[in-house]
Amino acid sequence: MISPASETTPADVILIGACTVTLSLREVVVPGARRPRRLTPKALGVLKALMRVPGAVVSRDELFAEVWPDTLPTNDVLTQAVTQLRKAFASDDDAGAVYIETIAKTGYRLVQPVSDVVPETADASDTPDFDPVPTSAWVPRPRSLWRRTRRYVYLAIGLAMIIAMLVMAALLSQRSAPAASGGVLEDGSRVVGSPPRPYRLITATAGFETYPTASPDGSQVAYEAENANQDGSNIRLQTSGNAPARLLTETPAGHADRFPNWSPDGREIAFARFGPEGSCEVLLASATGGAIRHLTRCDGTELLSFDWTPDGRGMVFGSMAGRYAHRGIRVLDIASGQWTALTYPVAADSFDYAPRFSPDGRWIVFVRNPQIGDLWRMPAAGGTPEQLTNDLAEIRGWAWRGDSRHIVFGRRVDSESRLYELDTQTRTLRDVGVDDAESPTLARHTNMLAFVHRRPQFGLFRVPITNGQPGTPERLFPSSGRDAQPMLAPDGKQLVFTSDRSGSFGLWWADLTRPDSLRPVEGLRPETRQAPDWSPDSTRLLVSGRDAQARPVIYEVSPRDEQVVALPVPVAQPLQALYADDSDHVLVVERDRDEQLRLSLFDRRPTPWRLLGQIDGVSQARFDPAGQRVLFTRLSAGGLWSADARLTPDSIRQVSEDRPTRWRYRAWAVARNGSLDYLSNRADCATGFARITDNGPGTEYCLDPDRLSTSNGFSAQPDGSALYLPLAVADGADIGVMTLPESPRPMFLSVSNLLFWKGK
């Protein structure tokens, strides 16, 4: 407990470790930091409680009673206060010394020494009548005549300035009406409203506006919008101001127009029209409306990407699947309808997406495997591609700048998508400074940037399943944060998930029989790309994350004991890890040095781990304990495959031909009893549910017609009687526009440190 003897009022300026804390200002000064860091009142309250008993453990209950009296706070508020304290004491150049230690299942303790700071200008009469804690940094100095009289000089100057200001104010009041009062900022400017955002929104509806494309002069933006009168979507055009939007063309009933793309001369817009039973075609329309003509057919079930050639005479397409499948990038001549495939090396399981010519026509940049991909560049006529990024990221759209050197792209970081600018020559990045942004597009002749601004909030839900049919979703652990990847333990009682509910992104654990047990698991930063996996005995987890150098790493976590251990996985870039038939056998999805994906089975008892089996081209895996088999997806095609527990090549067979699709390759789960569940979405249903069997997909139900689910992980009750999944509590997407600076700002970061820039 906090000792009653420690209730003596502390000095206002305190030295904690190497940092100076001014209690009255709620400021922390860290050596080497450019400016003080301000604490919230609650964080300061926690700090006061800890520093009165430095080195001793203060329980959570004691902190709640002192800092949040007469309330019923959750663990979130205390965790957030401690997180802010740790950030305030952190050094700018490295992680810094540890200041606050978490004591598992108990509370916290301050591990740095605490001492009072006595000001050098203190008079003898100001010396307290108690002995302060000694500090070696202070040495008394004799008082000079100036030091004895300067306070009176300062007082006289201050009075003179006040009188002068009063006179000036009186004169001004006679010449003009009184100005509205307001606060003054540190730079001397008055508070006149919210600070301006670097962008503005040109749409503001309750639905979704996505996939913008800018006219060459930047005066207009075309985008995909939900059809308010029927299912599907259409293409709308709007000026970069706030004028009402107009339709590019009427969309037939039962169809959806998507992926608009403005021609280099500004006269035409290409787009894709999806119809019943998976029909798809790429069309050209006049930018002023009408005059539609057919360009080519496509497959409506898989990823589709296309862009104009610099001269506007052709279209470049990424890899295509289905009936019109083609591996790699090719160019379609619009006048003749002839295809030309580019000659360059591409692996059988690679999918090259969103190819775009540079404005000067010298280069083509594309995304290889956008779900876990990177940006690549090759000469416009083909050749050997070179890798521009190495992050295994979810790339969410990209565009060239007019200088043919810089690229703006969106990618998922923790619980949001952000925009970054890449210098293709130096391989350096800068953050564009826009939260929750994706799908960027740039005008060819100006610096006008348009993008999708989406700020969703996802909550966790439990959905009962009766006879293969979903019931009404029930909310779990409400918060204002973004919760995702709920993974239920085999015992059916413990749940882990990723969330930013405490202000920083992390892994959370709870015992469902005790809702008040919810707390974060500290000591790691999880990846959003792959969900955690429970051990068969429900005591441990395998979690993919990043280390301090932003390298992929697999952690083994004991959530009840708050123990985190980095595993010596013998692969270069581990993407996913899961337990096989027991805790000694581990399945690992990796990307090797040749950029190929592979599933490997290891026995981890020997050192180094012993390889037992492998399957190439695997993007996601799950272990089915009921069938003693491994289920997996491939990047090369949609569908689901299975193999025996030892990955024997002869045991591989296809379970489902079309579910999951290539894009939703993580939106499936297997229960302990072997049931297979899949989440999808379509125009008339935001979240659909189907149970997959070896005889094919079962009946599909609409789980929720309005709320989308995330596509990066959910789980099922061991007996298949319920699902645990994230659903959007609030969602929507608008189109934002802004002007990029003429040249990138000098502050850059390396590509390898992209994941960790946001938190520093």
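Here the structure is a predicted model, which is why all the values come from computation and not from measurement.
- Between Arg412 and Glu438 there is no salt bridge, since no side-chain N of the basic residue sits under 4.0 Å from a carboxylate O of the acidic one.
- For the residue pair Trp534 and Pro559, the shortest heavy atom distance occurs at CH2-CG, 3.9 Å.
- Ion pair Asp436/Arg454 not flagged as a salt bridge, since none of the NZ, NE, NH1 or NH2 atoms sits closer than 4.0 Å to an Asp/Glu carboxylate oxygen.
- In this structure, the separation between CD on Glu416 and CZ on Arg411 is 11.0 Å, given to the nearest 0.5 Å.
- Here CG of Leu422 is found 11.5 Å from CZ of Arg430. Values are rounded to the nearest 0.5 Å.
- Not one N or O on the side chain of Arg659 forms a donor-acceptor pair closer than 3.5 Å with the backbone of Ser656.
- A side-chain donor-acceptor contact under 3.5 Å links Ser619 and Thr633.
- Annotation: side chain of Tyr678 is not in contact with side chain of Phe689 (no heavy-atom distance under 4.5 Å).
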Report the C-alpha separation of Leu495 and Met487 in whole Å, then their side-chain angles, then the decisive distance to 0.1 Å, and conclude whether the side chain to side chain contact (heavy atoms under 4.5 Å, CB included) test is met.
CA-CA 6 Å; Leu495 187 77; Met487 305 306 292; 5.6 Å; no
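- A 6.0 Å sphere centred on CZ of Arg610 holds no more than 12 heavy atoms belonging to other residues, nucleotides or ligands.
- Of the candidates Arg86, Arg519, Glu562, Thr102 forms a side-chain hydrogen bond (donor to acceptor under 3.5 Å, both in side chains) with just one, namely Arg86.
- Side chain of Asp547 to backbone of Arg551: a donor-acceptor contact under 3.5 angstrom is found.
- Every residue was checked against the ring pair (Phe, Tyr, Trp, His ring centres under 6.0 Å) condition with Tyr555, not counting sequence neighbours, and none meets it.
- No side-chain donor-acceptor contact under 3.5 Å links Ser319 to the backbone of Phe351.
- The two residues Ala716 and Ala671 have their closest heavy-atom pair at CB-CB, 3.9 Å.
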Would you sort out whether Asp352 and Arg327 count as a salt bridge (Lys or Arg N to Asp or Glu O under 4.0 Å), showing the intermediate values?
CA-CA 8 Å; Asp352 293 343; Arg327 182 165 48 89; over 6 Å; no
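- Rounded to the nearest 0.5 Å, atoms CG (Leu587) and CG (Asp533) are 9.0 Å apart.
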Side chain to side chain contact (heavy atoms under 4.5 Å, CB included) between Arg604 and Val569, worked out:
CA-CA 9 Å; Arg604 67 172 184 169; Val569 181; over 6 Å; no
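- Relative to the ring axis of Phe461, Arg707 places its NZ or CZ within 45° and under 6.0 Å from the centre.
- Contact check on Asp592 versus Arg598 returns a salt bridge, with a Lys/Arg side-chain nitrogen under 4.0 Å from an Asp/Glu carboxylate oxygen.
- For the 3.5 Å distance criterion, the side chains of Ser600 and Gln614 qualify, holding a donor opposite an acceptor.
- Taking 4.5 Å as the limit, some side-chain heavy atom of His585 sits within range of a side-chain heavy atom of Arg646.
- In this structure a side-chain-to-backbone donor-acceptor pair under 3.5 Å is missing from Asp624 to Gln628.
- To the nearest 0.5 Å, atoms CD (Glu590) and CG (Leu597) are separated by 8.5 Å.
- Contact check for Pro552 versus Ser544: no side-chain heavy atoms found under the 4.5 Å cut-off.
- Using modelled atom types, no side-chain atom of Asn369 and backbone atom of Ile372 make a donor-acceptor pair closer than 3.5 Å.
- Salt bridge status for Arg591 with Asp374: present, with a side-chain N to carboxylate O gap under 4.0 Å.
- Two residues are said to be in side-chain contact when any heavy atoms from C-beta on lie closer than 4.5 Å; Val543 and Ile554 fail this criterion.
- Contact check on Asp603 versus Arg605 returns a salt bridge, with a Lys/Arg side-chain nitrogen under 4.0 Å from an Asp/Glu carboxylate oxygen.
- In this model, a donor atom of one side chain and an acceptor atom of the other lie less than 3.5 Å apart for Asn673 and Ser675.
- Heavy atoms only, all atoms of each residue included: Gly639 and Gln654 are closest at CA-NE2, 4.4 Å.
- Put simply, the side chain of Gln576 gets close to the backbone of Ala621: a donor and an acceptor are under 3.5 Å apart.
- The backbone N or O of Arg529 lies less than 3.5 Å from a partner atom in the side chain of Arg666, making a donor-acceptor pair.
- A donor-acceptor pair under 3.5 Å links the side-chain atoms of Asp537 to the main chain of Thr539, judged by distance alone.
- One N or O on the side chain of Arg482 and one on the backbone of Ser415 form a donor-acceptor pair closer than 3.5 Å.
- Checking side-chain atoms of Gln485 against main-chain N and O of Thr528 turns up a donor-acceptor pair under 3.5 Å.
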Go through Asp483 and Arg501 one step at a time and tell me if the salt bridge (Lys or Arg N to Asp or Glu O under 4.0 Å) criterion holds.
CA-CA 7 Å; Asp483 301 335; Arg501 57 174 50 212; 2.7 Å; yes
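- Taking both residues in full, the closest heavy atoms of Lys87 and Ser504 are given as NZ-CB, 4.3 Å, listed atom of the first, atom of the second, then distance.
- Classification of the Trp376-Phe366 ring pair by plane angle, with boundaries at 30° and 60°, yields parallel.
- When all heavy atoms are compared, the tightest approach of Ala643 to Ile652 is CB-CG1, 4.0 Å.
- Of the N and O atoms on the side chains of Tyr108 and Arg60, at least one donor lies less than 3.5 Å from an acceptor on the other residue.
- To the nearest 0.5 Å, atoms CZ (Phe714) and CG (Leu488) are separated by 12.5 Å.
- For Ser721 and Asp719, the side-chain atoms include at least one donor-acceptor pair closer than 3.5 Å.
- Scanning all heavy atoms of the two residues, the minimum distance from Val564 to Gly523 falls at CG1-O, 3.9 Å.
- Within the 4.5 Å cutoff, the side chain of Ile615 has heavy atoms near those of the Phe632 side chain.
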Residue pair Thr384, Tyr344: steps toward the side chain to side chain contact (heavy atoms under 4.5 Å, CB included) verdict
CA-CA 6 Å; Thr384 302; Tyr344 70 102; over 6 Å; no
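- Note that CG of Leu524 is 13.5 Å distant from CZ of Arg546, once rounded to the nearest 0.5 Å.
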Side-chain donor-acceptor pairs under 3.5 Å in residues 505-512, sequence neighbours left out?
| from | atom 1 | to | atom 2 | distance (Å) |
| --- | --- | --- | --- | --- |
| Trp509 | NE1 | Gln494 | OE1 | 2.9 |
| Asp511 | OD1 | Thr513 | N | 3.0 |
| Asp511 | OD1 | Thr513 | OG1 | 2.6 |
| Asp511 | OD2 | Thr513 | OG1 | 3.4 |
| Asp511 | OD2 | Arg560 | NH2 | 3.2 |

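- A cation-pi contact links Arg622 to Trp668, judged by a cut-off of 6.0 Å to the six-membered ring centre and 45° from its axis.
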With side chain to side chain contact (heavy atoms under 4.5 Å, CB included) as the test, would you mind laying out the steps for Leu542 and Val586 before giving the verdict?
CA-CA 9 Å; Leu542 293 177; Val586 177; 4.0 Å; yes
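- Using a 4.5 Å heavy-atom threshold, the side chains of Arg475 and Leu460 count as separate.
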Would Lys493 and Asp491 count as a salt bridge (Lys or Arg N to Asp or Glu O under 4.0 Å) here? Give the steps.
CA-CA 5 Å; Lys493 298 178 181 179; Asp491 61 12; over 6 Å; no
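- Both cation-pi conditions hold for Arg634 and Trp641: the charged atom is under 6.0 angstrom from the six-membered ring centre and inside a 45 degree cone around its axis.
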